[in-house]
Amino acid sequence: MSAHWQEIAFDPSEATSVRIYDRGTHAKEPPIVLYLGGGAFQRRTPLAEEAPVARALAEGGAIVMEANLGGWQENTFPGALDRAFAVLTGIRKCRRKYGSSKSTLFVAGEEAGGNVAAGLALKARDQIPGELRGQILLSPMIDPLMASGSIRNADRIGMRGRWSEGWSRYLHSARYLMHPYAAPCQCSRLSGVAPALLMTAEDDPLRDEVSAYSKRLAAAGVRVQLKVLPSGSGWTDIYRNEKGAWLDAVRDAFAAFSDEVTH
């Protein structure tokens, strides 16, 4: 499997830089996943190397489209979410070109990208209801207050300061602190959002907020799968864009989730 960045004009007025992952052998109507990378809202340029999570999702049977939502100065709310939504609607309109006219659509992301993916799922429910088949959230940053019990472990892996600074950059104004699309944990209306696969690990600093969000989704009647990997599985390598055996768990969980929600 190979992937490279290319400019795609989903909107005639603007091209978006997208990297497509396609293993070449998949179902006749493969799901298409819009993937949003991490980086604590501070990534200045798109990564030259392939994203391990995007590759794992492609190995799970999907055609994955990794979107570059802009440089460091542009990666703020609501602009980043609006650009992601424009890409999603663009993929929706031309899905036949990349998969099939019947390909189902998913959004996925880890860490900061998981936040945008969760917000995107809420916006899709409100503006294009029924079009998004699922959301895959891998340790998403969804609580700007960083008040969970497990977040204390963020110092152990050197992420507390980076996440705190990232939240300040992304929200950049107190008026967005409670916005449901920016801080999904604050959303009071979760019913009707696309089914969700959430993944974390026992030694993940974001574990508690991920678990809490999965419970709130389930209480709202949303179909939810929560996968918590054991301590020592290497899960926190996800924050450094590194590979590991935990990627097999991502691949397998996505394949099972995709099969369940599309049949």
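- Taking 4.5 Å as the limit, some side-chain heavy atom of Asn115 sits within range of a side-chain heavy atom of Trp167.
- At a threshold of 4.5 Å between non-hydrogen side-chain atoms, the residues Tyr213 and Pro140 do not count as touching.
- Val53 is listed as a side-chain neighbour of Leu247, based on a closest heavy-atom distance under 4.5 Å.
- Two residues are said to be in side-chain contact when any heavy atoms from C-beta on lie closer than 4.5 Å; Leu34 and Ile32 fail this criterion.
- Tyr176 and His172 have perpendicular rings, their planes meeting at more than 60° on a 0 to 90° scale where under 30° would count as parallel.
- Looking only at side-chain heavy atoms (C-beta outward), Val87 and Met65 stay at 4.5 Å or farther from each other.
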key: Check against side chain to side chain donor-acceptor pair (under 3.5 Å), Glu110 and Tyr35   = CA-CA 9 Å; Glu110 82 266 8; Tyr35 164 76; 2.8 Å; yes

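- Side-chain N/O atoms of Tyr239 and Asp204 include a donor and acceptor closer than 3.5 Å.
- Salt bridge Arg240/Asp237: present, at least one basic N to carboxylate O contact under 4.0 Å.
- Under the 4.0 Å criterion applied to side-chain N and carboxylate O atoms, Arg152 and Asp208 are not assigned as salt-bridge partners.
- Side-chain atoms of Gln135 come within 3.5 Å of backbone atoms of Ala194 as a donor-acceptor pair (strictly under, hydrogens ignored).
- With a 4.5 Å cut-off on side-chain heavy atoms, Ile238 and Val250 do not count as touching.
- Proximity of a side-chain donor or acceptor of Arg207 to a complementary backbone N or O of Glu202 within less than 3.5 Å is detected.
- A distance-only check finds no donor-acceptor pair linking the side chain of Arg169 to the backbone of Gln42 [under 3.5 Å].
- Residue Gln186 holds its CD atom at 4.0 Å from CE of Met178, rounded to the nearest 0.5 Å.
- A donor-acceptor pair is defined here as one N or O able to donate and one able to accept, closer than 3.5 Å; such a pair exists between the side chain of Glu111 and the backbone of Gly39.
- Side-chain contact check for Glu66 and Tyr21: at least one donor-acceptor pair (N or O, by modelled atom type) lies under 3.5 Å.
- Arg92 places no side-chain N or O within 3.5 Å of a backbone atom of Leu105 that could act as its donor or acceptor partner.
- A salt bridge links Glu59 with Arg55; the closest basic N to acidic carboxylate O contact falls under 4.0 Å.
- A side-chain donor-acceptor contact under 3.5 Å links Ser103 to the backbone of Pro30.
- In terms of modelled atom types and a separation under 3.5 Å, the side chain of Asp22 and the main chain of Ile63 share no donor-acceptor contact.
- In this structure, Arg96 has no side-chain hydrogen bond (donor to acceptor under 3.5 Å, both in side chains) partners at least two apart in sequence or on a different chain.
- Listed for the Arg83 side chain is no donor-acceptor partner under 3.5 Å among the backbone atoms of Ala67.
- In this structure the side chain of Ser164 reaches within 4.5 angstrom of the side chain of Met146, judged on heavy atoms.
- Side chain of Arg19 to backbone of Ala3: no donor-acceptor contact under 3.5 angstrom is found.
- A salt bridge links Arg95 with Glu131: the distance from a Lys NZ or Arg NE/NH1/NH2 to an Asp or Glu carboxylate oxygen falls below 4.0 Å.
- Annotation: side chain of Val18 is in contact with side chain of Ile20 (closest heavy-atom distance under 4.5 Å).
- With sequence neighbours excluded, the residues satisfying side-chain hydrogen bond (donor to acceptor under 3.5 Å, both in side chains) with Arg160 are Asp155.
- Within the 3.5 Å criterion, the main-chain N or O of Asp203 finds a donor-acceptor partner in the side chain of Arg156.
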